[in-house]
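Step one of this worksheet: look at the structure below.
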Amino acid sequence: MQSFWRNPQNIIALGVTLISVCALVVSITQTRVMIRQSELMDRQARASVRPILDIAVNRSYNLSTRRIESLYFTVVNSGVGPAAIDEVLVDFDGHRLTSWGDLYLALGPPDSIPNYINNVRLNHGIMQAGEEITWLDLSTNLGFAALLENKTEQLTFTVLYRSLYDDRYLYTWQGGATSNRVFDPRKDAVVGEGFVN
């Protein structure tokens with residue numbers, strides 16, 4: 001063993017091996033740091049264009065007559081990027097609707113109430129960041145609004161939408177309670193006839 005340490009070639013070879021091992025450890029550590037940094041930059045880029053949809057029911061009443069004066073549903077993209085709407089599903093009292101006309105029929109109005117509404121197409125559209133649209137406006141059909149005003153808790157809206165990075169999100173509005181989360185195709189089934197408005 002003493003002869004090993006006396007030979008300068010062996011000491012140089014051992015030093016080179018030690019330096020090589022240190023360089024390998026530094027390289028592996030640096031690669032891990034770069035991968036983590038790349039993941040963080042990707043998350044930051046995705047967050048910088050994430051859309052966030054929300055639906056609100058707006059009502060106003062005449063204080064002297066206590067009758068409804070307006071009823072409308074708004075959809076807002078309060079996120080920082082555009083939302084591409086892939087699918088919209090609307091249910092009333094557990095039954096799938098394909099149009100606002102189905103909602104009118106489900107409410108069973110008398111013949112004296114007209115069946116016209118003001119609405120904007122939401123399904124398969126794109127909402128810009130900060131955009132707010134009035135999806136359904138019953139302010140010009142107060143008879144229909146009066147029928148629906150106390151039954152909004154029986155409505156369920158499901159919206160499947162995506163960001164510029166094709167990250168998919170599932171928004172659910174059920175009687176005023178909302179949920180907005182990442183879409184998981186393994187457990188989230190968005191099936192049925194899409195809503196045409």
Audit row: N62, E69, side-chain hydrogen bond (donor to acceptor under 3.5 Å, both in side chains) steps and yes/no: CA-CA 6 Å; N62 183 320; E69 285 190 335; 3.3 Å; yes
Candidate pair V75 and M127, rule side chain to side chain contact (heavy atoms under 4.5 Å, CB included), full reasoning: CA-CA 9 Å; V75 182; M127 287 189 68; 3.7 Å; yes
Step-by-step side-chain hydrogen bond (donor to acceptor under 3.5 Å, both in side chains) determination, T158 to T172: CA-CA 5 Å; T158 305; T172 306; 4.5 Å; no
Test side chain to side chain contact (heavy atoms under 4.5 Å, CB included) applied to L18 and L14, step by step: CA-CA 6 Å; L18 185 59; L14 187 62; 5.7 Å; no
D102 vs S99, side chain to side chain contact (heavy atoms under 4.5 Å, CB included): CA-CA, chis, key distance, verdict: CA-CA 5 Å; D102 287 351; S99 67; 3.9 Å; yes
Exercise answer: donor-acceptor pairs, residues 141-153 side-chain atoms, under 3.5 Å, sequence neighbours excluded:
| from | atom 1 | to | atom 2 | distance (Å) |
| --- | --- | --- | --- | --- |
| N141 | OD1 | F144 | N | 3.3 |
| N141 | ND2 | P114 | O | 2.8 |
| N141 | ND2 | Y116 | O | 2.8 |
| E149 | OE1 | Y61 | OH | 2.8 |
| T152 | OG1 | R59 | NH2 | 2.5 |

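Taking all atoms of both residues into account, the shortest heavy-atom contact from G81 to A129 is N-CB, 3.7 Å. Residues P109 and Y104 approach most closely at CD-O, 3.0 Å, considering heavy atoms.
A distance-only check finds no donor-acceptor pair linking the side chain of S27 to the backbone of L24 [under 3.5 Å]. Looking only at distances, a side-chain donor or acceptor of N77 sits under 3.5 Å from a matching main-chain atom of I52. Judged purely by atom type and a 3.5 angstrom limit, D167 has no side-chain atom pairing as donor or acceptor with the backbone of S163. Checking side-chain atoms of S38 against main-chain N and O of M34 turns up no donor-acceptor pair under 3.5 Å.
Residue W100 holds its CH2 atom at 8.5 Å from CG of L138, rounded to the nearest 0.5 Å. Between the CG atom of L107 and the CD1 atom of I113 there is a distance of 9.0 Å, given to the nearest 0.5 Å. To the nearest 0.5 Å, atoms CD (E87) and CD1 (I85) are separated by 11.0 Å. For the atom pair OG1 of T134 and CG of N58, the computed distance is 8.0 Å after rounding to the nearest 0.5 Å. For the atom pair OG of S78 and CG of N180, the computed distance is 8.0 Å after rounding to the nearest 0.5 Å. If you take CG on D91 and CG on L155, they are separated by 9.0 Å, rounding to the nearest 0.5 Å.
Separation of the Y161 and F183 ring centroids does not fall under the 6.0 Å cut-off. Not less than 6.0 angstrom separates the ring centroid of Y72 from the ring centroid of W135.
You'll find the side chain of F92 stays beyond 4.5 Å of the side chain of T156, heavy atoms only. For the pair I117 and D137, the minimum side-chain heavy-atom distance is 4.5 Å or more. Side-chain contact check for W173 versus V57: some heavy-atom pair is nearer than 4.5 Å. The closest side-chain heavy-atom distance from P82 to L164 is below 4.5 Å. A heavy-atom distance below 4.5 Å is not found between the side chains of I55 and T178. Residues T74 and I133 form no side-chain contact, since every pair of their non-hydrogen atoms from C-beta on lies 4.5 Å or further apart. V182 is not listed as a side-chain neighbour of R168, based on a closest heavy-atom distance of 4.5 Å or more.
Using a 4.5 Å cut-off between side-chain heavy atoms of Ile, Leu, Val, Met, Phe, Trp and Tyr, with links allowed through other members, L170 and Y165 fall into different hydrophobic clusters. Tracing side-chain contacts under 4.5 Å through hydrophobic residues (I, L, V, M, F, W, Y), one reaches V120 starting from L71; they form part of the same cluster.
In this structure, R50 forms a cation-pi arrangement with Y169, its terminal cationic atom sitting closer than 6.0 Å to the ring centre and no more than 45° off the ring axis.
When each of V88, V159, D86, V90 is paired with N123, the side-chain contact (heavy atoms from CB on, under 4.5 Å) condition holds for V88 and for no other.
Counting heavy atoms of neighbouring residues, nucleotides and ligands inside a 6.0 Å radius, atom CD of Q44 does not exceed 12 of them.
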